[in-house]
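Here is the structure we will look at, set down as structure tokens.
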2 protein chains.
Amino acid sequence: MTTDRLRDLLETTQGDLPPLTTELIRDLDLPELLPIADVAALTGVTAHTLRYYERIGLVDVARDASGRRAYDRDAVGRVVFITRLRDSDMPIAAIGRYMEMVRQGPETEPERLALLEAHRADIVHRLRALETALAVVDYKITTYGGACGS
Amino acid sequence: MTTDRLRDLLETTQGDLPPLTTELIRDLDLPELLPIADVAALTGVTAHTLRYYERIGLVDVARDASGRRAYDRDAVGRVVFITRLRDSDMPIAAIGRYMEMVRQGPETEPERLALLEAHRADIVHRLRALETALAVVDYKITTYGGACGS
DNA sequence: GCTTGCCTTCGAGTGCGCTCGACGTCCTAC
DNA sequence: GTAGGACGTCGAGCGCACTCGAAGGCAAGC
């Protein structure tokens, strides 16, 4: 599958990609293995960044016979998951720790859960901050030309 | 007013500072002019960062007789506004442009408004991304021990 | 009058998350 | 067989937003 065909598929499927969950990816009938350019097109993460994520241990990616990256569904799902975590400003280091625990096996599950719960609290906190900011900006917008110069 | 007294005041007033709007600041009966440490305590922005904000032109701050910063209500309000914009990840450069326009006077108001509206759209976009991320994290949390290893 | 401590300026340093470039390889198409 | 293009590795560079440290000033309290 070329990047072009993939992009077509994406366009006819959802228009405006963003939400793109792991589930959604399962539903697209993609080949088993994708080259890096397709993963980039699919996820919106540049190939450079995908290599970087692999380099620092966030995703393991298999190679084909000629040494090129071949992303299977799991790997793509992981990339999507990582982008969700990054969207919510989880630091790379925390994601790294999480993925390391995943690699260590099921006995790290309680710890992983704790990490996610901490991050969840963080997200809720940021949501509130964003809502406050939105209110402030809306106030400024609606009262524009009004009193305060700031 | 010492930083300590200010902190006491803050504690008895709202417990948990965050929202802290310009209006709220007007309601606290503070002295006309505050030294940098008090502004830091009030806003949660470090003195170092306050100086940095001034250096790069985000706020103008007057000096007292001995050359020390003396923040008036307007300046404090501006700092609070800036922190709201920063909380919503408005880049420093954009805030700088905005503040520059404020300095240039009322004829820049349409442009300022446009800047705020663009930023508003950005905030809404981030809110959606955060909500998506929250849903994903919640899904992972509730299904923990579940199927997918990612 | 001396210490203490908050303040000043200035410039350099830090941490994060990419982002890029160089250079080489391999596959495909013509 | 050769040209083009996507891919590989490696290491360096960048932009952003602080963050820190050095060196000195000034005012209040002991």
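The sequence lines fix the lettering, A, B, ..., with proteins before strands; numbering per chain opens at 1.
The two atoms that bring A/A94 and A/L115 nearest to each other are O-CD2, 3.7 Å, heavy atoms only. Across every non-hydrogen atom of B/R63 and B/V61, the tightest pair is NE-O, 3.7 Å. Annotation for A/R86 and A/I95: closest pair CD-CD1, 3.6 Å, computed over non-hydrogen atoms. When every heavy atom of B/D89 is checked against every heavy atom of B/H119, the shortest pair comes out as C-CE1, 4.4 Å.
By the 4.0 Å N-to-carboxylate-O rule, B/R51 lies too far from B/E54 to be salt-bridged with it. In summary, A/R120 and A/E117 do not engage in a salt bridge, as defined by a charged side-chain N under 4.0 Å from a carboxylate O.
Residues of residues 61-72 of chain B having a heavy atom closer than 4.0 Å to DNA chain C, listed by number: B/R63, B/G67, B/R68, B/R69.
For the pair B/V45 and B/V39, the minimum side-chain heavy-atom distance is 4.5 Å or more. In this structure, the side chains of B/Y53 and B/I92 come closer than 4.5 Å at one or more pairs of heavy atoms. With contacts defined as side-chain heavy-atom distances shorter than 4.5 Å, the pair B/L85/A/V137 qualifies.
The interatomic distance linking B/I82 (CD1) with D/dC16 (C1') rounds to 16 Å, in whole Å. C/dT9 atom C1' lies 16 Å from atom CD1 of B/I56, rounded to whole Å. Per the geometry, CG belonging to B/L50 stands 16 Å off C1' belonging to C/dT9, to the nearest Å. If you measure from atom CD1 of B/I95 to atom C1' of D/dA17, you get 11 Å, rounded to the nearest angstrom. Between the CG atom of A/D38 and the P atom of D/dA6 there is a distance of 12 Å, given to the nearest Å.
Geometrically, B/K140 does not engage A/Y98 in a cation-pi contact, judged by NZ or CZ lying under 6.0 Å from the ring centre and within 45° of the ring axis.
For B/R103, the CZ atom sits in a packed shell: over 12 heavy atoms of surrounding residues, nucleotides or ligands are nearer than 6.0 Å.
Overall bending of the helix from C/dG1-D/dC30 to C/dC30-D/dG1, expressed as the angle between end axes built from five pairs apiece, is 0° (10° steps).
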Where protein sits on nucleotides 10-23 of chain C, one letter per nucleotide: B base, S sugar-phosphate only, - none, heavy atoms under 4.0 Å: -BB----BBBBB--
